[in-house]
Amino acid sequence: MTPRWITARTTRNNFVRHLVANLLSSSALLVFCAGTALAASGDIYLGDSLRQLGLHELEQKKGDPAEAERHGAKGGIGLYAERNRDYLWVDGIKLYLNETVGLAHGKLTVSRLDYEKILVPLYWKLPTPMPGTKRIIIDPGHGGKDPGKQNAALKYNEKAATLDTAIRLKLILDKLGFDVILTREKDVAIELDQRAPMAIKNKADLFVSLHYNGGAKGDTNSSGIETYCLSPAGQRSTNAAGGKADTSTEAGNRFDAFNLQLAWSIQRKIIAGTGAEDRGVRRARFAVLRTLNCPGVLVEGGFISSKSEGAQIANPAYRQKIAEAVAAGISDYAQRLQSKQ
Ligand SMILES: [Zn+2]
């Protein structure tokens, strides 16, 4: 009676072993049955599925809406969810889902795909063999004839900010013992479809593309930081304009679990390090991520077009903060992989 959604996952062997052990207790059997009760809708209970991953439901906090749940594990990473949101908060960081959080019989539900692609890799076990973490390709966005987004009032543009941040990041990562290569070291143009091949050629273990955001024309208020990973196979992109907006499968999808882990680790450190607005871990089929043969993310380190955030980005001390936070996220990711081996 093993349901299809469990056998289909990438971590199937270890997970099934874990599940069989759980099934030996009658309470787990009840949970298991409850989890399959929603099979027709394609959704599963959030609480029951998280219990399979070792979390338990916590008391709501004052001010939480009625249709919200908190889950946690001793010494582990807590999760908060609200009905009708298309994201969860994992340790306080927004993590976008493929489907909105639902409700059935008074309990929150999530889609099986979101459970498999987001919750299992974050809370349970990453697939093996795991990729390395030594050689990092940093990709400063834009360059040469392509300035990227701009702040006209400050006469500062994205290509200068990304290159400066990348150089700072390389210095920090070098000191931490990583082997770092930049896709560009000066103000030159590199086509989008040339960036991932540079990672492949250099046998990268992970790839981080650095960008700064821009609002619509005349928008000097939008602000906040977001980190993108490649949309998992079968899932829609958070940003419909972010590359191919279909649900295609790309070469980079072999690393879905690691892409998510890397994106979440970086977003968490960057929000903690800067205090910027958290715009969440998002998914897109960006050209620089699609064909990678290693885990990769694209960081939008704030709105250069914003009056206040743009002024911060134009400040070298703030770019140093961003570089330090991205380096901390990469270190955190490397340690997580080692601890899960
Ligand atoms: Zn950009």
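Both ligands and their constituent atoms are indexed starting at 1 by order of listing.
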Q: From the N, O or S atoms in Glu158, identify the one nearest to the Zn ion (ligand 1).
A: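 Nearest to the Zn ion (ligand 1) within Glu158's N, O and S set: OE2.
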Q: Salt bridge check, Asp179 against Arg135: does any charged N sit closer than 4.0 Å to a carboxylate O?
A: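 Yes, charged N to carboxylate O under 4.0 Å.
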Q: Do Thr162 and Arg184 have side-chain N/O donor and acceptor atoms under 3.5 Å apart?
A: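 Result is yes, a qualifying pair exists.
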Q: Quick check on the Zn ion (ligand 1): does Glu300 put an N/O/S atom closer than 2.8 Å to it?
A: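 No, since none of the N, O or S atoms of Glu300 sits under 2.8 Å from the Zn ion (ligand 1).
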Q: With a 4.0 Å cut-off, would you call Arg70 and Asp64 a salt bridge?
A: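 So Arg70 pairs with Asp64 through a salt bridge.
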Q: Taking the inter-plane angle between the rings of His211 and His142 on a 0 to 90° scale, is it parallel (under 30°), tilted (30 to 60°) or perpendicular (over 60°)?
A: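 Ring orientation, 0 to 90° scale: perpendicular.
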Q: Angle at the Zn ion (ligand 1), ND1 of His211 to NE2 of His142, rounded to 10 degrees, please.
A: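 His211 ND1 and His142 NE2 form an angle of 100° at the Zn ion (ligand 1).
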